Amino acid sequence: MSKLLIVGTVAFDAIETPFGKTDKILGGAATYIGLSASTFKVDSAIVSVVGEDFPQEYLQMLEDHNIDISAIEVVQGGKTFFWSGRYHNDLNSRDTLETQLNVLADFQPVVPDAYKDAGIVMLGNLHPLVQLSVLEQMTTAPKLAVLDTMNFWMDNALDDLLKVIEKVDVITINDEEARQLSGEHSLVRAARKIATMGPRYVVIKKGEHGALLFHDEQIFFAPALPLEEVFDPTGAGDTFAGGFTGHLAKTENISFENMKKAVIHASNLASFCVEKFGTERMQKLDKKEIADRLQEFKELTQFEIELT
């Protein structure tokens with residue numbers, strides 16, 4: 001089993017959807033990634049920063065999920081990163097109402113010695129220079145470096161982002177971001193162009209319409225499971241990233257065939273995330289629920305057809 005190093009935000013969110021709203025709740029890319037990956041019982045650690053206002057019970061919850069939190073810096077007197085957003089009726093688009101960087105503004109990540117040789121590094125959504133700093137601290141080149149990013153960095157730090165993209169093996173972005181980064185409308189052309197920037201594998205997330213995995217001339221598509229109720233899509237992409245890297249860390253197999261399985265596991269876990277607000281659903285997942293839904297995925301995509 002490979003060690004999994006996760007870098008990203010551990011944060012507070014306040015969310016409003018057509019189904020309700022929350023006050024400050026636990027959020028952050030690294031939180032979702034870590035909880036999702038923990039379902040595979042992998043050896044993982046989170047590199048992040050929080051303020052003095054961050055509840056000890058949240059840190060304990062991460063520890064209870066066997067996540068190493070020794071590299072989550074707690075800044076005395078500081079305030080934790082906070083994001084507030086409102087989703088539209090289709091849940092595919094949202095408006096950011098407020099962003100408070102707080103302690104994240106001066107964050108200098110420090111990779112713990114025990115994870116400087118991690119086989120898989122998951123660079124959650126953060127400033128590209130922070131992501132780059134993590135890669136530079138590794139004493140052994142990871143077997144797989146996976147990058148998640150967003151259009152904000154394409155708009156505000158494109159040169160730095162391109163430096164990180166050049167150094168990773170996999171990039172996971174949504175369809176809108178893939179089109180922006182590549183300048184191509186066709187997702188096939190977009191993935192091909194992004195691959196010339198460095199990554200050998202490109203994962204394009206399409207929300208409720210599934211996900212695409214590209215490698216050379218090979219393409220794999222995984223559907224999203226049709227759900228009766230979707231309460232909150234926040235963190236679904238990060239949960240996907242955690243499922244993807246968690247499976248790969250557990251199996252220690254980074255072939256294209258195994259990545260296809262990783263995408264299915266990732267989609268499966270993301271389908272749980274959206275059923276409750278914030279991380280609530282991911283905190284309480286059990287093994288049987290995951291296996292049962294994985295069977296639903298299998299039945300959704302399995303068919304027999306005669307080729308003549």
Side-chain angles (χ1 to χ4, degrees), residues 1-12 26-76 78 80-81 103-104 107-126 130-148 168 170 235 238-252 254 262 265-266 269 273 278-279 282-287 290:
M1 186 182 296
S2 294
K3 292 179 189 173
L4 173 61
L5 179 68
I6 301 161
V7 59
T9 53
V10 174
F12 292 133
L26 176 62
T31 308
Y32 285 101
I33 294 167
L35 288 173
S36 181
S38 74
T39 63
F40 296 94
K41 310 296 184 188
V42 294
D43 181 0
S44 65
I46 288 176
V47 177
S48 193
V49 62
V50 295
E52 191 177 10
D53 58 343
F54 196 75
Q56 179 62 37
E57 66 191 78
Y58 288 166
L59 293 172
Q60 185 60 53
M61 182 276 295
L62 293 173
E63 271 202 309
D64 291 344
H65 282 79
N66 297 311
I67 300 167
D68 187 318
I69 62 167
S70 61
I72 299 180
E73 180 187 357
V74 180
V75 179
Q76 297 303 311
T80 302
F81 174 72
V103 293
L104 196 64
F107 178 43
Q108 300 293 326
V110 178
V111 176
D113 289 340
Y115 287 86
K116 286 183 177 179
D117 61 349
I120 296 181
V121 176
M122 178 65 231
L123 301 171
N125 179 39
L126 271 178
V130 174
Q131 296 173 322
L132 197 60
S133 169
V134 169
L135 289 180
E136 289 170 348
Q137 291 179 55
M138 304 301 290
T139 54
T140 305
K143 294 176 186 173
L144 203 73
V146 184
L147 169 72
D148 190 46
V168 299
V170 184
D238 298 314
T239 301
F240 180 99
F244 182 79
T245 50
H247 173 76
L248 296 176
K250 180 180 181 180
T251 57
E252 292 191 309
I254 57 172
H265 281 285
L269 288 164
C273 177
T279 61
M282 299 308 297
Q283 290 183 40
K284 299 173 182 176
L285 266 183
D286 65 48
K287 190 175 180 180
I290 296 170

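Along the sequence shown, the residues carry numbers beginning at 1. All values reported here derive from a predicted model rather than from experimental measurement.
- Taken from CE in Met61 to CD1 in Ile67, the straight-line distance is 7.0 Å, to the nearest 0.5 Å.
- Taking every heavy atom of both residues into account, Asp148 and Met122 meet most closely at CB-CE, 3.7 Å.
- Residues Gln108 and Val110 form no side-chain contact, since every pair of their non-hydrogen atoms from C-beta on lies 4.5 Å or further apart.
- The closest side-chain donor-acceptor pair between Asp117 and Thr139, if any, does not fall under 3.5 angstrom.
- The shortest heavy-atom contact between Ala249 and Leu4 is CB-CB, 4.3 Å.
- Contact of the Gln283 side chain with the Leu26 side chain is registered, since non-hydrogen atoms from C-beta on lie closer than 4.5 Å.
- Looking at Gln76, its side chain never comes within 3.5 Å of a backbone N or O of Glu52 through a donor-acceptor pair.
- Heavy-atom minimum distance, Pro109 versus Ser133: CG-OG, 3.8 Å.
- Remark: side-chain polar atoms of Thr239 are paired, donor with acceptor, to backbone N or O of Gly235 under 3.5 angstrom.
- Here the closest non-hydrogen pair linking Ser44 and Ile6 is CB-CD1, 4.3 Å.
- Listed for the Ser36 side chain is no donor-acceptor partner under 3.5 Å among the backbone atoms of Ile33.
- With values rounded to the nearest 0.5 angstrom, Leu147 atom CG is found 9.0 Å from Asn125 atom CG.
- Taking OH from Tyr58 and CD1 from Ile69, the interatomic distance works out to 14.5 Å, rounded to the nearest 0.5 Å.
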Could you go through Asn66 and Ser38, starting from their C-alpha distance and side-chain angles, then the distance that decides it, and tell me whether this counts as side chain to side chain donor-acceptor pair (under 3.5 Å)?
CA-CA 7 Å; Asn66 297 311; Ser38 74; over 6 Å; no

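- You'll find the side chain of Gln131 stays beyond 4.5 Å of the side chain of Val134, heavy atoms only.
- Using a 4.5 Å heavy-atom threshold, the side chains of Leu144 and Thr245 count as separate.
- In this pair, His265 and His247 present their aromatic rings parallel. The plane angle is below 30°, not in the 30 to 60° band.
- In this structure the side chain of Leu269 reaches within 4.5 angstrom of the side chain of Phe40, judged on heavy atoms.
- Between the Ser48 side chain and the Ile72 main chain, no donor and acceptor come within less than 3.5 Å of each other.
- For the pair Val103 and Gly51, the tightest heavy-atom approach, listed with the atom from each and the gap, is CG2-N, 4.0 Å.
- Looking at heavy atoms from C-beta onward, Leu62 lies in side-chain contact with Thr31 at the 4.5 angstrom threshold.
- Within a 6.0 Å radius of NZ in Lys250, other residues, nucleotides and ligands contribute 12 heavy atoms or fewer.
- Lys143 contributes no side-chain N or O that, together with a main-chain N or O of Glu252, makes up a donor-acceptor pair within less than 3.5 Å.
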Please lay out, stage by stage, how Leu59 and Phe54 fare under the test side-chain contact (heavy atoms from CB on, under 4.5 Å).
CA-CA 8 Å; Leu59 293 172; Phe54 196 75; 3.8 Å; yes

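- Counting all heavy atoms, side chain and backbone alike, Val47 lies closest to Val111 at CG2-CA, 4.4 Å.
- Annotation: the span from Asp68 atom CG to Asp43 atom CG amounts to 7.5 Å, rounded to 0.5 Å.
- Taking OH from Tyr115 and CG from Leu5, the interatomic distance works out to 8.5 Å, rounded to the nearest 0.5 Å.
- Asp238 contributes no side-chain N or O that, together with a main-chain N or O of Gly28, makes up a donor-acceptor pair within less than 3.5 Å.
- Interatomic distance, OH of Tyr32 versus OG1 of Thr9, reported as 10.0 Å (0.5 Å rounding).
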